[in-house]
Undergrad: 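Starting off with a structure, shown below.
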Amino acid sequence: MAQYNASEVEKKWQEKWEESGIYKVNLKDKKKKKFYNLVMFPYPSGDKLHVGHWYNYGPADSYGRYMRMNGYNIFEPMGFDSFGLPAENYAIKTGTHPSKSIATNVEHMIKQLKRIGTMYDWDKTVITSTPEYYKWTQWIFLKLYEAGLAYKKEAPVNWCPSCRTVLANEQTQDGTCERCGSEITKKSMNQWFFKTRDYAEKLLDYKGLDWPDKTIAMQKNWIGKSMGIDISYEVLGLKDKITVYTTRPDTNFGATFIVVAPESEFVARNFEKFKDKEAVELYVEEAKRKTDIERIAEGRKKTGVFTGLQALNQLTGRKMPIFVSDFVLAHVGTGCVVGVPGHDLRDFEFAQEKGLEVIRVVVGPDGDNSPIVKAEQVQEEAGTMVNSGFLDGMEIMKAKDAIMDYIEEKGYGKRVTNYKLRDWLVSRQRYWGAPIPIVYCEKCGEVPVKEKDLPVELPDNKDFKPSDDGKSPLSKIDSFVKCKCPGCGGDAEREVDTMDTFVCSSWYYLRYPCTDVKNKAFDSERVNEWLPVDMYIGGPEHACMHLIYARFINMALRDLGFVGFKEPFKRLVHQGMITKDGAKMSKSKGNVVSPDEFIEKYGSDVFRMYLMFMGPFTDGGDWNDTGITGVARFVDRLWKLMNFEGEVKDVDGLKRALHKLIKKVSEDVEKFHFNTALAGMMEFVNLAGKIGIDKESKLIVASLIAPMAPHLAEECFEVLGGKGSIFDAAWPKFDKKLVVDDMVRIGVQVNGKVRGDIEVAPDMGKDEALKMAREQENVAKYLADGKVVKEIYVPGKIIGFVVK
RNA sequence: GCCCGGAUGGUGGAAUUGGUAGACACGCAGGACUUAAAAUCCUGUUCCAGCAAUGGAGUGCGGGUUCGAUUCCCGCUCCGGGCACCA
């Protein structure tokens, strides 16, 4: 028997697969059920594939292979998210134009990806930075624009001074740039947005989705729905009313002041009426200048200035002074809040700072109603109303309804729903992205490019670095900027901003099955057949970005009649992160582990299996290579087993073990528990190594390992005389009768402590089982200590005695 | 601060409608083979006591429910993730 030579075998099968085209999917095949097995596509950096890529793609492919063997027509494409900052920054660093570096990097990455031994159908790949792709990204922009879902407005936006571009809310982290970590400043700019807020309610509906609870919770939290009421108060001496948003109108009898955001419209509109204009102006200016970091650094300390104006609380007749303070955010609700210091921590802190009166209108369940409030007492959720007129004695939830009805009746306000979700800022002042297909005409104003004129090609500019003035580099290229108006044909200028790369990645799953479609973004009939994606695998870091954007785009396309389904991804699984010495792998930290040396030494199958064996797929873990020898040994033992010839010592035992294994591996792979599937395989191989194995069982073992070690399995299949590919063979079925043991070993407990065990049939009667248990010498010893007051028998599980 | 996870041998991890904790693997120790080493194979391996049989302790900490708790409940500690002055 020859030693198993991984590198030779793997090379051989990769070549065979390529030659035979076994993984080329026939999208029109209707004999088999379709299965769209998708993994989030990478951005092509110049670096090698690292352990994290393998950790992600290996198991994802194993799942696809498992489904293939279960009779599905598998569509498993792979592509490249090649627009955006990573690619552009790489190009800047190396001094090569991104279109060039992308081409080489993609080619390089495909080569590396092929070494994993996946089933990707490379005929169906997408590269988002190619005109044939971004043409359709622009088309989607136009469709949203036509539908009124894309708009431009002047707004304070997140500006990263280092990347010299604006960022979507989702791309900032604690006031820093998600990419480069620089401090973000606020800048008022004219920017393009998609109306994600219009879809907030639809995005909150997860019906029919098999997604991790955690991801859904994160999205819900991000969308942040709250139901409350807008209340308008008369401002003394002004015609203008002030409208506040609150989710706690039940506490309105305790309202003693009003606070407005520095950037709020109320401030702009009534500035002239303020008593100390200078002080307000100074405060507003200061607030605008502050970065998020500075605001975070200040913590909860409240500042603010009095406007000199007062509003009238209709419920109490109380005059409420109006302040300006930066703890109120302009974009939340109406940008104005009513201060109820007795029942809101922030209001309480502000009241303390300004010496304002605190009134308590809710008594907690413990009856506490002290006028001096401690921070911990402010936010009770349950309680009864006091000092609140007609609300007195009501539970807060009831009072909330009652007061809202009252306010609406009286015309003081109106119920509203609010969302934390902001509209998606999609324009970027960077070169490497899809140009936004809009032109500005002196006569016609903002005009969309005609569909037939797409793509608006990204010029092959030599100077693609972001410019110091913060304008898109495209603004410097006259040949790009100067154009004719699609409306009147007169002189016009192009939009010079490019699209956020998340726009590209929010629809690529629709393009994969339609890469041959030339005259449209995708063929509706085909996507309706092949989508939604049945299994989507990728990192949890995309929970509130890509996964919200893609759902939004898909829903919008559905509402516009282009696709027939609401949700793009039916089942979602997140892989865990692989760290090195507890830290995220990154080039700058110099802790990136390359798979290459392990592939060289052990082969791709062993490496893939080791990553799977480390622990549950969704957990990730810290990289450590010490255990890989265990998997390598397993492969050697399995290979030896395949070459075993001789008598099987325990035919029945082998059969039972094998059928249990089929059950276990099937269930485990289904749940992405590859670690325990492999443990089961190891156990069986160890057993069969002792008692021998027959040819039929060998074939089953080869099938079971096939999803996880595709090259090894093919080789085994061939050695065993199989024709063609093992991936065209059916997944083994287990015999139900063979997976139940006819004898099991169960424990015998006395007062909860294990004192022995007996071997019984799982369905043995209680009396007989108890009799056997009593006969155990050690058990008898403990039973003799007293009187048996209780006997417990759980068939197949446990026998227990309680002795007193 | 709020929400969501997690904590099990020297290490990665297994086991939960409550039923013999530690599967599988690494490492370690001993043995076989070898002139020797590597590789391979066999045996042992939660801790404490004991030659052993066996007994005691044991799943982050403190309580509780139960014949029986890694699993359920209450109160903490630590670690990870998300959100964060959202009114």
Side-chain angles (χ1 to χ4, degrees), chain A residues 3 173-174 212-222 224-226 228 244-249 251 259 261 295-296 298-302 325-329 331-340 343-347 349-350 375-376 379 418-422 540-541 543-544 577 579 582 610 613-616 618-622 624-631 633-634 636-637 640 673 675-684 686 689 745-758 777-778 781 788-794 796-804:
Chain A
Q3 189 74 27
Q173 255 172 5
D174 299 329
D213 293 340
K214 196 186 163 163
T215 311
I216 293 179
M218 271 168 69
Q219 287 201 355
K220 281 189 175 168
N221 195 334
W222 186 262
K225 181 179 181 172
S226 70
V244 303
Y245 171 71
T246 176
T247 56
R248 292 293 305 275
T251 61
V259 190
R295 286 179 73 139
I296 289 163
E298 280 170 11
R300 301 185 61 94
K301 191 174 162 21
K302 300 289 180 289
S325 173
D326 64 1
F327 85 85
V328 178
L329 309 173
H331 60 85
V332 177
T334 60
C336 308
V337 303
V338 57
V340 184
H343 300 280
D344 181 279
L345 187 56
R346 296 153 302 180
D347 296 350
E349 287 163 348
F350 188 76
E376 315 85 69
Q379 280 165 331
N418 251 292
Y419 302 93
K420 276 203 249 181
L421 184 73
R422 314 268 295 272
E541 68 274 16
C544 295
M577 197 181 26
T579 56
Y610 178 55
F613 188 60
M614 273 171 51
T618 48
D619 283 9
D622 201 55
N624 184 327
D625 63 13
T626 54
I628 196 167
T629 49
V631 178
R633 282 176 196 150
F634 160 68
D636 287 339
R637 280 196 281 250
K640 211 170 121 194
H673 291 180
N675 54 333
T676 48
L678 281 167
M681 291 296 299
M682 287 174 179
E683 227 170 324
F684 180 84
N686 290 344
R745 190 155 279 280
I746 67 170
V748 181
Q749 297 183 338
V750 180
N751 289 343
K753 286 204 185 294
V754 180
R755 298 301 180 190
D757 53 31
I758 55 173
E777 200 184 322
N778 202 40
K781 201 168 86 192
V788 175
V789 294
K790 195 172 177 185
E791 290 165 335
I792 296 132
Y793 175 53
V794 184
K797 299 268 189 191
I798 200 89
I799 288 172
F801 295 101
V802 185
V803 175
K804 263 195 183 156

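Since the structure is predicted, the reported quantities are computational estimates derived from the model, not experimental observations.
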Undergrad: Are A:Asn686 and B:A25 close enough that a side-chain N or O sits under 4.0 Å from OP1 or OP2?
TA: yes
Undergrad: Where the side chain of A:Ala679 is concerned, which of B:C26, B:A87, B:A23 is the nearest nucleotide?
TA: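 For the A:Ala679 side chain, the nearest candidate turns out to be B:A23.
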Undergrad: Taking atom C1' in both B:U77 and B:G12, compute the distance separating them and give it to the nearest angstrom.
TA: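 About 25 Å, rounded to a whole number of Å.
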Undergrad: Pick base, sugar-phosphate or nothing for A:Asn751, based on heavy-atom distances below 4.0 Å to the nucleic acid.
TA: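 Sugar-phosphate contact only - A:Asn751 comes under 4.0 Å of backbone atoms but never of a base.
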Undergrad: Roughly how many Å is it from OH in A:Tyr245 to C1' in B:C86, rounded to a whole number?
TA: 8 Å
Undergrad: Given B:A87, B:G55, B:A84, identify the nucleotide with an atom nearest to the side chain of A:Val332.
TA: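 Between B:A87, B:G55, B:A84, the one nearest the side chain of A:Val332 would be B:A87.
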Undergrad: Paired with B:C24 by Watson-Crick or G-U wobble geometry, both distances under 3.5 Å: which nucleotide is it?
TA: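 WC or wobble partner is B:G12.
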Undergrad: Provide the distance between the two P atoms, one in B:G27 and one in B:G64, to the nearest whole Å.
TA: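 Those two atoms are separated by 43 Å.
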Undergrad: Regarding A:Gly630, tell me which of base, sugar-phosphate or nothing describes its non-hydrogen contacts under 4.0 Å with the strands shown.
TA: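 Contact class for A:Gly630: sugar-phosphate only.
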Undergrad: Between B:A14 and B:G62, how far apart are the two P atoms, rounded to whole Å?
TA: 25 Å
Undergrad: Please measure how far the P atom in B:A53 lies from the corresponding atom in B:G44, and state the result in whole Å.
TA: 13 Å
Undergrad: Taking CE from A:Met614 and P from B:A25, how many angstroms apart are they, rounded to a whole number?
TA: 18 Å
Undergrad: Let's see if you can work this out: which of B:U54, B:G13, B:G80 has an atom nearest to the side-chain heavy atoms of A:Asn675?
TA: B:G13
Undergrad: What are the two closest heavy atoms between A:Val244 and A:Val337, and how far apart are they?
TA: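 Nearest heavy atoms, A:Val244 then A:Val337: CG1-C, 3.8 Å.
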Undergrad: Considering just the side-chain nitrogens and oxygens of A:Lys753, establish if one lies under 4.0 Å of OP1 or OP2 belonging to B:U54.
TA: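 Negative; the distance criterion is not met.
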Undergrad: Classify the side chain of A:Lys302 versus the base of B:C85 as yes if they form a donor-acceptor pair under 3.5 Å and no if they do not.
TA: yes
Undergrad: Taking 4.0 Å as the cut-off, does a side-chain nitrogen or oxygen of A:Thr629 come that near to OP1 or OP2 on B:A25?
TA: no
Undergrad: Using OP1 and OP2 only, check whether a side-chain N or O of A:Arg745 sits under 4.0 Å from B:G19.
TA: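 It does not, given that no N or O in the side chain of A:Arg745 lies less than 4.0 Å from OP1 or OP2 of B:G19.
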Undergrad: For A:Ile628, which contact category applies under a 4.0 Å heavy-atom criterion: base, sugar-phosphate, or nothing?
TA: nothing
Undergrad: Nearest to the A:Arg755 side chain among B:G56, B:G19, B:C86, which nucleotide is it?
TA: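 Nucleotide nearest to A:Arg755's side chain: B:G56.
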Undergrad: Given B:C4, B:A84, B:A23, which nucleotide is nearest the side-chain atoms of A:Trp222?
TA: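 Between B:C4, B:A84, B:A23, the one nearest the side chain of A:Trp222 would be B:A84.
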Undergrad: For B:G9 and B:C2, measure between their C1' atoms and round to the nearest Å.
TA: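 About 36 Å, rounded to a whole number of Å.
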Undergrad: Looking only at non-hydrogen atoms, find the nearest pair between A:Phe801 and A:Val788 and report the distance.
TA: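 Answer, listing the atom of A:Phe801 first, then A:Val788: CD2-CG1, 4.0 Å.
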Undergrad: Need the pair for B:G5. Rule: Watson-Crick or G-U wobble, both distances under 3.5 Å, any strand; none if unpaired.
TA: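 Looking at the geometry, B:G5 pairs with B:C79.
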Undergrad: Taking all atoms of both residues into account, what is the closest heavy-atom pair of A:Asp636 and A:Gln3, and its distance?
TA: OD1-NE2, 3.8 Å
Undergrad: Which nucleotide in the set B:G19, B:G12, B:G81 lies at the smallest distance from any side-chain heavy atom of A:Gln749?
TA: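 Comparing B:G19, B:G12, B:G81 against the side chain of A:Gln749, the answer is B:G19.
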Undergrad: Of the candidate nucleotides B:C24, B:U20, B:C86, which contains the atom at the shortest distance from the side chain of A:Phe613?
TA: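 Looking only at side-chain atoms, A:Phe613 lies closest to B:C24.
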Undergrad: Counting the atoms with a prime plus P, OP1 and OP2 as sugar-phosphate, which does A:Pro540 contact under 4.0 Å by heavy atoms, base, sugar-phosphate, or nothing?
TA: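 No contact.
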Undergrad: Could you tell me how far apart A:Lys797 (NZ) and B:U71 (P) are, to the nearest whole angstrom?
TA: 17 Å
Undergrad: Partner of B:A57 by Watson-Crick or G-U wobble geometry, both contacts under 3.5 Å, or none?
TA: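 B:U46 is the nucleotide pairing with B:A57.
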Undergrad: Side chain of A:Val802, heavy atoms from C-beta onward: which of B:C67, B:G82, B:A87 has the nearest atom to it?
TA: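 In terms of side-chain proximity for A:Val802, the closest of B:C67, B:G82, B:A87 is B:C67.
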Undergrad: Just by modelled atom types, is the A:Val803 backbone N or O under 3.5 Å from a matching donor or acceptor in the A:Asn751 side chain?
TA: yes
Undergrad: Could you check whether A:Asp213 gets within reach of a base, just the sugar-phosphate, or nothing at all, counting any heavy atom under 4.0 Å?
TA: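 If one applies the 4.0 Å heavy-atom cut-off, A:Asp213 turns out to touch nothing in the nucleic acid.
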Undergrad: Taking only the P atom of each, what is the distance from B:U46 to B:G22 in whole angstrom?
TA: 9 Å
Undergrad: Answer syn or anti for B:G9, where the cut-off is 90° from 0 on the glycosidic torsion.
TA: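 What B:G9 shows is a syn base, its glycosidic angle lying within 90° of 0.
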Undergrad: Please confirm whether A:Lys302 makes a cation-pi placement over A:Phe327, using NZ or CZ under 6.0 Å from the six-membered ring centre and within 45° of the ring normal.
TA: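 Geometry flag: set, cation within 6.0 Å and 45°.
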Undergrad: Using the P atom as the reference point in each nucleotide, state the distance between B:A23 and B:U43 in Å, no decimals.
TA: 15 Å
Undergrad: Could you tell me how far apart A:Tyr419 (OH) and B:A87 (C1') are, to the nearest whole angstrom?
TA: 17 Å
Undergrad: On a heavy-atom basis, which atom in A:Ala543 and which in A:Met218 lie closest, and how many Å separate them?
TA: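 Heavy atoms of A:Ala543 and A:Met218 come nearest at CB-CE, 3.5 Å.
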Undergrad: Consider side chain to side chain contact (heavy atoms under 4.5 Å, CB included). Of A:Val794, A:Ile792, A:Ile758, which one does A:Ile799 pass it with?
TA: A:Ile758
Undergrad: Measure from the side-chain heavy atoms of A:Lys420 and tell me the nearest of B:G19, B:C86, B:U20.
TA: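 Closest of the options to the side chain of A:Lys420: B:C86.
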Undergrad: Does the side chain of A:Asn778 get closer than 4.0 angstrom to OP1 or OP2 of B:G55 through an N or O atom?
TA: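 True: A:Asn778 side-chain N/O within range (under 4.0 Å) of B:G55 OP1/OP2.
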Undergrad: To the nearest angstrom, how far is A:Asp619 atom CG from B:G5 atom C1'?
TA: 10 Å
Undergrad: Given B:A14, B:C26, B:C86, identify the nucleotide with an atom nearest to the side chain of A:Pro616.
TA: B:A14
Undergrad: If I take atom CD1 from residue A:Ile798 and atom CD1 from residue A:Ile746, how far apart are they, to the nearest 0.5 angstrom?
TA: 7.0 Å
Undergrad: Quick one: does A:Glu349's side chain have a donor or acceptor within less than 3.5 Å of a partner on A:Lys301's backbone?
TA: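 The answer is no, because no donor-acceptor pair under 3.5 Å joins these two groups.
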Undergrad: Starting from the 5' end of RNA chain B, give me the residue, A:Asp622 or A:Asp757, whose nearest nucleotide shows up first.
TA: A:Asp622
Undergrad: Taking atom P in both B:G19 and B:U11, what distance in whole Å separates the two?
TA: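 Those two atoms are separated by 26 Å.
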Undergrad: Looking across every strand, which nucleic acid part, if any, lies under 4.0 Å from A:Val803 by heavy atom: base, sugar-phosphate, or nothing?
TA: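 A:Val803: no heavy atom of the nucleic acid under 4.0 Å.
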Undergrad: Could you tell me the Watson-Crick or G-U partner of B:U40, where both distances fall under 3.5 Å? Say none if there is no partner.
TA: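 Across all strands, the one nucleotide that pairs with B:U40 is B:A32.
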Undergrad: Expressed as a whole number of angstroms, how long is the span from A:Ile798:CD1 to B:U16:C1'?
TA: 15 Å
Undergrad: Students often get this wrong, so: under 4.0 angstrom with heavy atoms, is A:Arg637 touching a base, only sugar-phosphate, or nothing?
TA: sugar-phosphate
